[in-house]
Structure formats: C-alpha cells, structure tokens
Protein chains: 2
Amino acid sequence: MKSRTAPAPLAEDGAGPLYRQVKRELLRLVEAGRYAPGDTLPSESVIAGGLGVSIGTLRKAVDELVHEHVLVRRQGKGTFVALHTDDRFLFHFFHVEAREEAEGEPPRGREYPQVECVGFARGRADDIEAQALHIRAGDAVLRIDNRLSLAGRPVVHDRLVLAAQTFRNLTEKRFLDRPSTVYNLYQRDYGITVLRARERARACPAGSATARILGVAPGLPVLEVHRIALTFGEKPVEYRVSTINTAGHDYVSVLAKQH
Amino acid sequence: MKSRTAPAPLAEDGAGPLYRQVKRELLRLVEAGRYAPGDTLPSESVIAGGLGVSIGTLRKAVDELVHEHVLVRRQGKGTFVALHTDDRFLFHFFHVEAREEAEGEPPRGREYPQVECVGFARGRADDIEAQALHIRAGDAVLRIDNRLSLAGRPVVHDRLVLAAQTFRNLTEKRFLDRPSTVYNLYQRDYGITVLRARERARACPAGSATARILGVAPGLPVLEVHRIALTFGEKPVEYRVSTINTAGHDYVSVLAKQH
DNA sequence: AAGTGGTCTAGACCACCAT
DNA sequence: TGGTGGTCTAGACCACTTA
C-alpha cells in the first residue's frame, strides 16, 4: 500500500536535536499504524516538506530507523515499513547452526529449520511467565510447543508463551496455517512487530518432555535459551524457551560490529 | 598523543562511494599505527582538507568507524582512536550475569568479575586451536587458564589460547601484572586491537579440570562458549573457551538494535 | 522520462571544552 | 576566547527502478 499524504508539521515541544524529533514522529506514525508494515512511505522530499525540515535532517532520522530495522530503503523504489518475511529476519532471531565436524566438511552455511507443532494449549500464567510478559499471574496465556529440525534431525524444542489477551482468536489452525514465520504471523494478523529480543542461556539436564520431543536421553546436558521478544516501547510480546540439543549444533552469536 | 599532520590526498583507484574510500584510508592509517590507540586525530576540517573531500563526507566515514568502535568522538575535545580501557569494552565481551532469583531480589546490574590466573603454559597447537587461530598444527601456543568469580563465587573457567609468535615475550608475570583487562594488554603491549568476536555456545558435562576449578561435581551440565576474537582484516587473535557454571548465572545476549 | 533514494558539497550556526 | 565536534540547511548531481 502506498501512503501518499505527508505528515503534519512537528509540534514545538521538541526536546533534543531536530532529527531525533523527526525520528520519534516517524516512529509514532508507524506505531500508530498510520504507516503499516509493507507500506511505501511518501518520498523523502515530501516527508521533509510536510514536517518542515530539510531533506538532510529527514535522512538522518530515517538512517537510524533503517539501522533499527523499522524501515527499509530501496534505491529507486522508495522507503518501506519493514516486513518480517525476509530471510534476513529469520536468522536475526534464529541462531542455531550445525557444528562443522571434521575438516573435510563442506560449509553448508545457514540452514532453514523445519518446524512441527507438537502442542497448543491454553492455561494460566505462572509467576515467571507473568513477569516476562508483564501480565499478572493467573492471566490467560497460550502455550505452543514446536519441534525444529535441521537436515531432518530434531534439534530444538521451542515453547512459546503468549498473553491470550494480546493474541485474541489465535487458534491452532490459524497458527499452523501461517504462510511464513511466527513473527510474520504476529505482524500480519496482530499488527505486532518484533523489534528485538533479550536472551539468557544456560546449560541444564534435559527434562522428560523435552527429551521425548528431541529424542534424547533425559538428563543429557542441553542448552536452554530464554527469550523475551519486544515490540515498540519495550513491550514484551512473547516469552520463549528454546531447548537445544547441542550434541551436533551450536548457539551462535557475533559480538560487536559486523561490517 | 596528538597526531597533527593531515593525511595525504586519496589515490584515484577508488572503488565505491567517496566516503567509503575515506573510511578505508582512515582504517589503513589506524591499522598501520600511523594513528595509535589513544591518539587524538587531527580535527575533522584538517583531515577533510588533507584528503581533499568535504567535511560532510569525512564525517560520514568517521560515523561508520565510530559505530564500529574503531574511533571515539568527544564533543569539544576531538576524535580519538578507541582504547580498550573503558568499562564499556569489558561488557562488550563479558556476557555473564547473575540470575535474578526470587522476586524480592535487588537488581544488582552488571558485576565485575574477579580474575585469578590458575595456569600459564606453553605448548603446541592441536588441530582445533590451529584452525581457530589460522596457524599450523604444532605451532607454538600459550595456554592461559583463568578463574572468574562474581560476588566471591567462581563462575567461569576461561582458557585462552594465543599464537606464541604473535605474543612474543608474553610471560606469566607480564600477564599477571597487567593494569587492566586482557584485551587492553593485547592493545597496549602488542598493538593488537580486538574489534569483534564470534562465539558458539553449547551445553556439556563438566570435565574434571573445569570441575576442580569451578568447585562443582564432574558431569554437571555447564555452558561452554568458544570464542574467536578478531582484529583488523578478520585476523584471529585469541581462541578462548569459557566454561560457565550456569547454576546461578546466565549467558546474556541482546538481539538486534539497542537504541 | 520521471521519480526515487544515494552521494557530495559549502557554509552557517550551536554546544562543549580547554585556557 | 578559540578550537573541537554536532546540527541543520539548500542545492547539485548520480544510480537505480519503473513505465
């Protein structure tokens, strides 16, 4: 969809540099759904004119939003509100990779996990879930269990916990029928864009449920990753516990700058 | 130290946008030691003039280098080659945090680890170490074992493996007498700046050596983090295996943008 | 050819720091 | 007070996409 109308001029309340005010204003428009995921924004000169700032200032604001994956620029085409359909986004949040065994192993690069839903239940939040999702203990939640396989072998057990109030009418069928990733579902059906996530990892012995799902012996050391996915305003959207069989795979991360 | 002289004009070979060429040139000067860690660079207008580009273009190049932690800007003072003494850098590479136990727990924020050297030995690289450090199996290496404690309790066993050829004359005494972090030692004494690192984590049972160092039962699930620290040109500098007792602590990471 | 983002420039002014 | 980086502007031109 195309958003043709330019935004109204900035209010005068502005704290800090002008380009930050512009950035906050754009963020506000995206958050409010004025510009929806996938939309083409008005051209830079139109936005700049509408807000009453120079194009250089507008560009600096957009630069930061692009860097934060809120917007995407494509030369010659326009500026878009980021969509969670690209492969790029999948690997932004999926960090499990096969370990290169011997030397002669071909570096197969990143692999798509095959996802299989093995549980979909409604329940009441326990203390930990409530704290993670900023809801009250006892509030209604959805608990979804998935098995992720790489090269045909089960490697990860994901348990997703969602506030039922946020994801109204989310049924197992709707969940299974999603065309793309889970985060794409959140965005497309609930207007929720996952911007970033906090993760904490620890080693622990496999519990019986996980052991069954992954096909390993109970008590085997596995990696448990607790993730809280956040949207605008640091609001928690999803609490996820990933249990990873690290016998042949690693949890991978890169520290500091990529370029 | 102050670097007063402006760089020479850019060669004409330039591929890509001008600001990238400028960035490469500045990077080259830092790499070559022309601007050393801690140095004040010439002012932006002087550099821009020397290179024959506008100040805006120079600033865009510096922007990227600041973002990659190669340079640091301080308003009113100047632009500096980044030093690895700031606390900021410590936590850039130290990602272990106490788990908040119950609700009433005070959020103590990040804690400095207390480091204790428990081993310093010379040896020959095995296949894995050689591959990690881009040297040949059998080449001379240093192996340093440290115990890291948080709030007085041993939590991490670090084994550092370094190519002896890169770190000539590094003795146990010199290592112990370092004034600051290990990465600061690399930079100050060997001119090696660690820019980024790749890490791979997995769960496994504690080996006997680690169990002894951490004071846990052998076989307890622990988190093993394999890190390769890189300097300019993606050159590996250090191979480090951190073994973490995750009974009361987590390995923490943030995905996607921080701002 | 027209419209978009990407680069580059030149200059004015502000905010901060040292002296 | 003078020098530094930080912000903002206005305009020219380039590179890419679409029609």
Side-chain angles (χ1 to χ4, degrees), chain A residues 1-7 9-10 12 14-26 35 38-82 259, chain B residues 1-7 9-10 12 14-26 35 38-82 259:
Chain A
M1 207 245 270
K2 214 150 185 171
S3 300
R4 290 172 189 285
T5 58
L10 286 173
E12 289 239 358
L18 188 52
Y19 73 88
R20 293 278 186 187
Q21 300 172 41
V22 171
K23 180 183 170 186
R24 275 198 299 275
E25 176 62 10
L26 292 175
Y35 302 144
D39 278 7
T40 305
L41 266 59
S43 78
E44 297 187 338
S45 56
V46 170
I47 298 182
L51 293 174
V53 303
S54 82
I55 232 180
T57 301
L58 183 272
R59 275 187 66 80
K60 187 148 183 178
V62 172
D63 280 347
E64 294 201 357
L65 292 170
V66 166
H67 209 257
E68 294 168 23
H69 301 141
V70 175
L71 301 180
V72 175
R73 283 207 259 238
R74 269 177 261 172
Q75 191 177 39
K77 300 188 72 176
T79 303
F80 306 82
V81 180
H259 263 275
Chain B
M1 208 244 273
K2 214 150 185 171
S3 299
R4 290 173 187 285
T5 59
L10 286 173
E12 289 241 358
L18 188 52
Y19 73 89
R20 293 277 187 189
Q21 301 173 41
V22 171
K23 180 184 170 187
R24 275 198 300 274
E25 176 63 9
L26 291 176
Y35 301 145
D39 278 6
T40 306
L41 266 60
S43 78
E44 298 186 336
S45 58
V46 171
I47 298 181
L51 294 173
V53 303
S54 81
I55 231 181
T57 300
L58 184 270
R59 274 187 67 81
K60 187 149 182 177
V62 172
D63 280 347
E64 295 201 358
L65 292 171
V66 166
H67 209 256
E68 293 168 24
H69 302 140
V70 175
L71 300 179
V72 174
R73 282 206 258 240
R74 268 177 263 171
Q75 190 176 43
K77 299 189 70 176
T79 304
F80 306 82
V81 180
H259 264 276

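In what follows, every chain begins at residue 1, and chains take the letters A, B, ... in the order their sequences are listed.
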Between CG on residue L18(B) and NZ on residue K60(B), distance to nearest 0.5 Å: 11.5 Å

Just to verify, what does E44(B) make a side chain to side chain donor-acceptor pair (under 3.5 Å) with, not counting sequence neighbours? R59(B), R73(B)

Pairs under 3.5 Å (N/O, protein and nucleotides 3-5 of chain D):
unit_1, atom_1, unit_2, atom_2, d
dG3(D), N2, G76(B), O, 3.0
dT4(D), O2, G76(B), N, 3.3
dG5(D), OP1, T79(B), OG1, 3.2
dG5(D), OP2, E44(B), N, 2.8
dG5(D), N2, Q75(B), NE2, 3.2

Side-chain heavy atoms of I47(B) within contact of L26(B), under 4.5 Å: yes

Return the minimal non-hydrogen interatomic distance between A61(A) and Y19(A), and the atom names on each side. CB-O, 3.4 Å

Quickly work out the K60(B) NZ to dT7(D) P distance and round it to whole Å. 15 Å

Restricting to side-chain contact (heavy atoms from CB on, under 4.5 Å), what partner residues turn up for S54(A), sequence neighbours left out? T57(A)

Sub-3.5 Å pairs of nitrogen or oxygen atoms, protein against nucleotides 8-12 of chain C:
unit_1, atom_1, unit_2, atom_2, d
dC8(C), OP1, L18(B), N, 2.3
dC8(C), OP2, L18(B), N, 3.3
dC8(C), OP2, Y19(B), N, 3.1
dT9(C), OP2, S54(B), N, 2.9
dT9(C), OP2, S54(B), OG, 2.9
dT9(C), OP2, T57(B), OG1, 2.5

For the pair L71(B) and V81(B), evaluate side chain to side chain contact (heavy atoms under 4.5 Å, CB included) and give the outcome as yes or no after the intermediate values. CA-CA 5 Å; L71(B) 300 179; V81(B) 180; 4.2 Å; yes

What is the distance from atom CZ of R20(B) to atom CZ of R24(B), rounded to the nearest 0.5 Å? 8.5 Å

On a heavy-atom basis, the closest approach of A15(B) and Q21(B) is O-CG, 3.7 Å

